Peer 1: 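A single structure is presented below for examination.
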Amino acid sequence: MTEGTISAAAEGDTLSRLEQEGEIAADYLEGLLDIADLDGDIDMDVEADRAAVSIISDAGGRDLNKLVGRDGEVLEALQELTRLAVHRETGDRSRLMLDIAGYRARKREELSELGAKAAAEVKSSGEPVKMNPMTPFERKVVHDAVKAAGLRSESEGEEPQRFVVVLPA
C-alpha cells in the first residue's frame, strides 16, 4: 500500500467510526424522546472530526426547548449522557456534539460575533480583553473566532469560572 492509500483507509475508518457513534447516539436519543413523549427528528452528520447529532422539530421546537434548559444546561447534560451511551457501546471516548432545536447553532453564531468584537477591541486598544466565564464549547467557538481574526487567545481560571483572554498579536 502506498502512503496515500493508507491515509485514505484511515480516513474511511474514522468516518465509519464517527457514523457509528452518530447511530448509537440517535438510537439513545430516540428512546429518550419516546420516554419524554416529545416529538423530534434526529439528524446525524460528521463535522470537524466529530459526530454531530441534532434533534429538530417541525412544530417550532417549543417542546424541545425543555431539553435545552436555561442557558443550555439540560442540553449539556444530555450531551454527556449521550456520550456515555456511545462509550458504553464502543468502549471509546466520544467527542459527539449534540444540538437541540438549533440552540447550539444560534449560540455558535452569537459567540463568533462576540469573539470577533473582542478581537477588534484588542486590535484597536492593544490591550488584552478578559471575557466572562464560559463552557468548553463556548470557549472553543470564541478561540476559533479570535484565530480567524488573526489574534491569539488563552483560557484561564478553573471550571466553572474558566474564561477566555484575547491577546494582542
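Scope of the values below: all heavy atoms of this structure, side chains included, with no hydrogens, waters or symmetry mates. Treat the numbers as computed from the prediction; the structure is a model and nothing was measured.
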Peer 1: What's the separation between atom CD in Glu19 and atom OG1 in Thr14, rounded to the nearest 0.5 Å?
Peer 2: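 The OG1 atom of Thr14 is 11.0 Å from CD of Glu19, to the nearest 0.5 Å.
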
Peer 1: Salt bridge between Arg83 and Glu80, side-chain N to carboxylate O under 4.0 Å?
Peer 2: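 Answer for the salt bridge query: yes.
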
Peer 1: Answer with yes or no whether the hydrophobic clustering places Ile24 together with Leu32; edges join I, L, V, M, F, W, Y residues whose side-chain heavy atoms lie under 4.5 Å apart.
Peer 2: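 Different clusters.
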
Peer 1: How many angstroms lie between CD1 in Ile56 and CG in Asp39, if you round to the nearest 0.5 Å?
Peer 2: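 The distance works out to 12.5 Å.
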
Peer 1: Testing the basics here: between Ala51 and Gly22, what is the closest heavy-atom pair and its distance to 0.1 Å?
Peer 2: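 Minimum heavy-atom separation between Ala51 and Gly22: CB-N, 4.1 Å.
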
Peer 1: CG/Leu33 to CG/Leu67 distance, rounded to the nearest 0.5 angstrom?
Peer 2: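 Between atom CG of Leu33 and atom CG of Leu67 there are 6.5 Å.
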
Peer 1: Between the side chain of Asp43 and the main-chain N/O of Ser54, is any donor-acceptor distance below 3.5 Å?
Peer 2: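 Not at all, since once roles are kept as given, no pair shorter than 3.5 Å links the two residues.
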
Peer 1: To the nearest 0.5 Å, tell me how far Leu75 CG sits from Ile100 CD1.
Peer 2: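 So the CG of Leu75 and the CD1 of Ile100 are separated by 4.5 Å.
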
Peer 1: Does Lys123 have more than 12 heavy atoms from other residues, nucleotides or ligands lying within 6.0 Å of its NZ?
Peer 2: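 Yes, because the 6.0 Å sphere around NZ of Lys123 holds more than 12 heavy atoms from other groups.
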
Peer 1: I need the minimum non-hydrogen distance between Pro133 and Pro160, along with the two atoms involved.
Peer 2: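 Between these two residues, the closest heavy atoms are CB-O, 3.8 Å.
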
Peer 1: Would a distance-only check, ignoring hydrogens and angles, find a side-chain to backbone donor-acceptor pair under 3.5 Å from Arg95 to Asp49?
Peer 2: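 Yes, because the side chain of Arg95 sits within donor-acceptor range (under 3.5 Å) of the backbone of Asp49.
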
Peer 1: Could you list the cluster mates of Val129? Members are the ILVMFWY residues connected by side-chain heavy atoms closer than 4.5 Å, either directly or through other members.
Peer 2: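 Result for Val129 is Met97, Leu111, Leu114, Val122, Met131, Met134, Phe137, Val141, Val142, Val146, Leu151, Val164, Val166.
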
Peer 1: Going by side-chain contact (heavy atoms from CB on, under 4.5 Å), Pro136 matches just one of Lys140, Arg139, Glu138. Which one?
Peer 2: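 Among Lys140, Arg139, Glu138, the one that satisfies the side-chain contact (heavy atoms from CB on, under 4.5 Å) with Pro136 is Arg139.
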
Peer 1: Spell out, yes or no, whether Leu96 and Leu29 are grouped together once hydrophobic residues are joined by side-chain heavy atoms under 4.5 Å, including indirect joins.
Peer 2: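 Yes; Leu29 is reachable from Leu96 via cluster members.
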
Peer 1: Quick one: list whatever passes salt bridge (charged side-chain N to carboxylate O under 4.0 Å, His left out) with Lys117, sequence neighbours left out.
Peer 2: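 Here no residue qualifies.
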
Peer 1: If you take all heavy atoms of Ala116 and Ala145, which pair is closest and at what distance?
Peer 2: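 Taking Ala116 first and Ala145 second, the nearest heavy atoms are N-CB, 4.1 Å.
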
Peer 1: For Pro128 and Val165, which heavy atoms make the closest approach, and how far apart are they?
Peer 2: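 The answer is CB-CG1, 4.1 Å.
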
Peer 1: I'd like to know if Val86 and Val46 are part of one continuous hydrophobic network [Ile/Leu/Val/Met/Phe/Trp/Tyr, side-chain heavy atoms within less than 4.5 Å].
Peer 2: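 No; tracing contacts between hydrophobic side chains, which count when under 4.5 Å, never links both residues.
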
Peer 1: Hey, is the main chain of Asp92 close enough, under 3.5 Å, to the side chain of Thr90 for a donor-acceptor pair?
Peer 2: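 Flag set: sc Thr90 to bb Asp92 pair under 3.5 Å.
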
Peer 1: Are there over 12 heavy-atom neighbours, none belonging to Glu158, within less than 6.0 Å of that residue's CD?
Peer 2: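 Not more than 12 within 6.0 Å, no.
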
Peer 1: State the OG1-CD distance between Thr135 and Gln79, to the nearest 0.5 angstrom.
Peer 2: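 Going from OG1 on Thr135 over to CD on Gln79, the span is 9.0 Å.
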
Peer 1: Once rounded to the nearest 0.5 Å, what's the spacing between atom CG of Asn132 and atom CD of Gln161?
Peer 2: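 Going from the CG atom of Asn132 to the CD atom of Gln161 covers 9.5 Å.
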
Peer 1: Any side chain to side chain donor-acceptor pair (under 3.5 Å) involving residues 21-36? Give me the pairs, sequence neighbours left out, ordered by first then second residue.
Peer 2: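 Sorted result for residues 21-36: Arg17-Glu21, Glu21-Ser94.
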
Peer 1: If you take all heavy atoms of Ile55 and Gly40, which pair is closest and at what distance?
Peer 2: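 Looking at all heavy atoms of both residues, the shortest contact is CG2-CA, 4.2 Å.
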
